[in-house]
**Q** 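Please read through the structure below; I'll follow up with questions.
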Amino acid sequence: MEGLLLSEMPGTVKGMLQNFLELVRIYGHVPNGARVYYLQRSQPPLLTLMMDRYVSHTNDTAFLRWAPRPPAAPHAPSPGPPRAGLRARAWAEVGPGSCPRDSIGTLALELDFWTQNRIVSVSSGGKSYVLNHYAVPYGGPR
């Protein structure tokens with residue numbers, strides 16, 4: 001993305017971000033690909049950082065409030081209404097079975113996926129830390 005921004009291609013970056021935001025609205029995270037067999041494997045949690053780079057480069061703060069058309073039915077089961085956390089607050093804006101109204105709510109959905117599904121506790125120097133852990137908890141083939 002940074003290369004595209006340096007090459008003065010912010011429209012391409014914005015399109016990529018819109019696609020990633022749509023995937024998060026449907027699946028709760030950015031999967032490795034838009035095929036059913038990729039849904040259990042996610043990309044690293046970099047969408048918020050990508051949005052930051054895009055907005056910092058373009059000053060397109062209106063994109064933070066961008067809302068797409070309602071999502072089409074996914075090919076795989078939707079994660080359904082959330083149980084708790086940031087994701088629940090984001091979905092509560094529009095009701096169960098719907099999606100957040102803007103990009104900020106969608107970024108909260110991705111963060112919530114990571115805090116609910118991909119964390120580890122680490123102790124160091126007498127302190128405990130909770131970290132996002134980029135790993136796949138499934139033993140099946142890729």
Side-chain angles (χ1 to χ4, degrees), residues 1-68 70-72 74-142:
M1 282 191 52
E2 290 189 28
L4 291 170
L5 291 172
L6 289 171
S7 298
E8 299 181 20
M9 298 178 68
T12 301
V13 172
K14 186 173 186 176
M16 291 169 56
L17 289 170
Q18 288 171 328
N19 288 336
F20 293 148
L21 290 165
E22 293 266 0
L23 289 169
V24 171
R25 285 184 179 96
I26 294 168
Y27 301 112
H29 66 283
V30 179
N32 271 0
R35 299 196 183 271
V36 172
Y37 51 85
Y38 286 128
L39 295 179
Q40 301 300 326
R41 300 176 187 277
S42 67
Q43 290 293 324
L46 300 174
L47 186 55
T48 300
L49 294 172
M50 288 190 249
M51 287 287 287
D52 176 63
R53 295 286 166 91
Y54 170 77
V55 172
S56 295
H57 184 84
T58 63
N59 202 30
D60 182 7
T61 56
F63 186 50
L64 296 173
R65 294 293 177 196
W66 173 77
H75 295 290
S78 169
R83 295 178 301 279
L86 293 171
R87 182 175 168 194
R89 287 196 298 276
W91 284 47
E93 294 179 9
V94 290
S98 191
C99 64
R101 283 181 257 182
D102 61 21
S103 298
I104 294 173
T106 304
L107 295 173
L109 286 178
E110 186 194 37
L111 175 62
D112 195 48
F113 169 83
W114 283 89
T115 58
Q116 289 182 12
N117 299 293
R118 303 282 198 275
I119 59 170
V120 294
S121 296
V122 176
S123 296
S124 177
K127 293 184 180 181
S128 293
Y129 302 93
V130 177
L131 305 173
N132 288 336
H133 184 220
Y134 180 57
V136 178
Y138 308 100
R142 291 192 200 206

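Just so you know, residue 1 is the first one in the sequence shown, and it goes up from there. Any value given below was found using the heavy atoms of this structure, including those in side chains, with hydrogens, waters and symmetry copies removed.
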**Q** Side chain of Ser128, backbone of Ser123: donor and acceptor closer than 3.5 Å?
**A**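 Such a contact is absent between Ser128 side chain and Ser123 backbone.
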**Q** Looking at every non-hydrogen atom in both residues, tell me the closest pair between Ser124 and Tyr129 and how far apart they are.
**A**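 In terms of heavy atoms, the two residues are closest at O-CE1, 3.9 Å.
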**Q** If you round to the nearest 0.5 Å, how far is OG of Ser103 from CE of Met51?
**A**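 Atom-to-atom, Met51:CE and Ser103:OG are 4.0 Å apart.
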**Q** Between atom CG of Leu49 and atom OG of Ser56, what is the distance when rounded to the nearest 0.5 Å?
**A**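 Output value for this atom pair is 10.5 Å.
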**Q** Apply side-chain contact (heavy atoms from CB on, under 4.5 Å) to Leu109 and Asp112, showing your working.
**A** CA-CA 5 Å; Leu109 286 178; Asp112 195 48; 5.7 Å; no
**Q** Considering only heavy atoms from C-beta outward, does the side chain of Trp66 approach that of Leu17 to under 4.5 Å?
**A**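 In short, these two side chains do not touch, never coming nearer than 4.5 Å.
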**Q** For residues Gln43 and Pro31, report the shortest heavy-atom separation together with the two atoms involved.
**A**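 Smallest heavy-atom distance, with atoms named: CG-O, 3.7 Å.
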**Q** Quick one: closest heavy-atom pair of Trp114 and Ile119, and the distance?
**A**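 Taking Trp114 first and Ile119 second, the nearest heavy atoms are O-CG2, 3.3 Å.
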**Q** I would like to know whether Val120 and Val130 meet side-chain contact (heavy atoms from CB on, under 4.5 Å); could you show each step before the answer?
**A** CA-CA 6 Å; Val120 294; Val130 177; over 6 Å; no
**Q** If you measure from CG on Asp52 to CG on Leu46, what distance do you get to the nearest 0.5 Å?
**A**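 These two atoms lie 12.0 Å from each other.
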**Q** Quick check: do Leu47 and Leu111 have side-chain heavy atoms less than 4.5 Å from each other?
**A**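 Of all side-chain heavy-atom pairs linking Leu111 with Leu47, none is under 4.5 Å.
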**Q** Just wondering, do Pro10 and Tyr54 contact through their side chains at under 4.5 Å, heavy atoms?
**A**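 Yes, at least one pair of side-chain atoms sits under 4.5 Å.
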**Q** Hey, does Val30 have a side-chain heavy atom less than 4.5 Å from the side chain of Glu110?
**A**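 Yes. Closest side-chain heavy atoms under 4.5 Å.
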**Q** Mind listing the closest non-hydrogen atom pair of Val55 and Thr61 along with its distance?
**A**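 Looks like CG1-CG2, 4.0 Å.
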**Q** Tell me, do Asp102 and Leu64 make a side-chain contact under 4.5 Å, heavy atoms counted?
**A**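 Result no, sub-4.5 Å side-chain heavy-atom pair not found.
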**Q** Between atom CZ of Arg25 and atom CG of Leu21, what is the distance when rounded to the nearest 0.5 Å?
**A**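 So the CZ of Arg25 and the CG of Leu21 are separated by 5.5 Å.
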**Q** Evaluate the side-chain contact (heavy atoms from CB on, under 4.5 Å) criterion for residues Thr58 and Phe63: first the C-alpha distance (whole Å), next the side-chain angles of each, then the deciding distance (0.1 Å), finally the verdict.
**A** CA-CA 10 Å; Thr58 63; Phe63 186 50; over 6 Å; no
**Q** Between Phe113 and His29, how do the two ring planes meet: parallel, tilted or perpendicular, split at 30° and 60°?
**A**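 Because their plane-to-plane angle is under 30°, the rings of Phe113 and His29 count as parallel.
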**Q** Hey, what do you get for CE (Met1) to CE (Met9), rounding to the nearest 0.5 Å?
**A**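 Spacing of CE (Met1) from CE (Met9) equals 12.0 Å.
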**Q** Using the rule given for side-chain contact (heavy atoms from CB on, under 4.5 Å), can you reason through Lys14 versus Asp60, listing the C-alpha separation, both sets of side-chain angles and the distance that settles it, and then say yes or no?
**A** CA-CA 10 Å; Lys14 186 173 186 176; Asp60 182 7; 3.2 Å; yes
